[in-house]
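Note that ligands are numbered from 1 as they come in the structure, with each ligand's atoms numbered from 1 the same way. What you are looking at is a predicted structure, and each value in this text was computed from that prediction instead of being measured.
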Amino acid sequence: MTTELYPRERVGRVRDAAAAAGLGAVLLTPGPDLRYATGYDAKQLERLTCLVVPADGEPFLVVPRLELPAAQASPAGGLGIELVAWDETDDPYALVASRLPAGVGRVALADRMWAVMALRFRAALPGAEQVAAGGVLRELRMRKSPAEVEALRAAGAAIDRVHRRVPELLKAGRTEQEVARDIAAAIIDEGHTSVDFVIVGSGPNGANPHAEPTERVIRAGEPVVVDIGGQMPSGYCSDSTRNYCVGEPPAEYREYFAVLREAQRAARAAVRPGVAAQDVDAAARNVIAGADYGEFFVHRTGHGIGLETHEEPYVVAGNAEPLEPGMAFSVEPGIYPGPHGARIEDILICTEDGHESVNHTPRDIVIVD
Ligand code: ZN
Ligand code: ZN
Ligand code: ZN
């Protein structure tokens, strides 16, 4: 991917953050943290691949010799950092330990490092205290660069194109699974490299926020929650929920949908720099509670999004963290009274003076025939 999205200086920023946090080194195995730091979308394997960023010293990337060509071809190969290949009979953990300053105090491990690897590092660095790297990396990953915002916009546009195709796919007489399979194909077709999730919650299944598509046949007059997302070639993720109905929806559904629509609008309107994340949650919750549907809004209002579908910041009561320009997160209140439910979800970017939505399809009930 472009060096703009994964800039060369980012490993240096990780090192600065590590030093500021009093860490001796940051150890990043394959996953979103490694990709963020280097652009390298490395496979998770039992053989150790690890970016080692000493707070004081040169970073290096340890790779199994079999993976060396892939590492060289990846953006990590162009960063000017040393690639250290290890052979089948080498001990890569001892190799890392031997290259770190003696008596390294605290090491931060990628949040998604496999436990077996964390334990091997513990044995190889017996004097070092292990902490999660997320505590340091969150400060960097939470504030998206202009190139990251652009990548999220492209992901939003791609998932919007999928939502625009849903009316052709969602028909009375088809099962949720049939519709979900077609939507999954459309997610790839519209430019994603992988499908993260496809929720097609028809009728009573719409009242379950995380419903898996079933063999249930969708019938006329039933509201359907469609919540979909995937990962783009850039590494950045999409996530958007819209609500469909095969024919005319029930009157009580229209009633609470109007409340939800207003709640989601109010939450979006609350987004600007300096506002606490929890106040965006409250903006949605107050509207829903004020209309007596509070008990049916059973989840937080949103989650951050970037290289992971769910990352910081979380838009939830108790998170007093003030929003800053570049933060990206979902605004997705829901009301689930049964025998159906609804959720409206957009990905917003906090801007200098307000916010921008990366999703632009109509938020009203989409009637399909
Ligand atoms: Zn969810
Ligand atoms: Zn979401
Ligand atoms: Zn979603």
In plain terms, say whether Asp182 and Arg174 are close enough for a salt bridge, that is, a side-chain N and a carboxylate O under 4.0 Å apart.
yes
Salt-bridge present (Glu178, Arg181; N to O < 4.0 Å)
no
Between Tyr336 and His299, is the ring centre distance below 6.0 Å?
yes
In Glu332, which N, O or S atom comes closest to the Zn ion (ligand 2)?
OE2
Would you say the Zn ion (ligand 2) has His310 as a near neighbour, meaning an N/O/S atom of that residue under 2.8 Å away?
no
Minimum heavy-atom separation for Met327 and Arg143, please, with both atom names.
CE-NH2, 4.4 Å
Going through the checks in order, is the salt bridge (Lys or Arg N to Asp or Glu O under 4.0 Å) test met by Arg47 and Glu88?
CA-CA 9 Å; Arg47 293 187 178 98; Glu88 290 289 64; 2.7 Å; yes
Provide the atom name of the closest N, O or S atom of [X] relative to the Zn ion (ligand 3).
X      : value
Asp239 : OD1
Glu345 : OE1
Asp227 : OD1

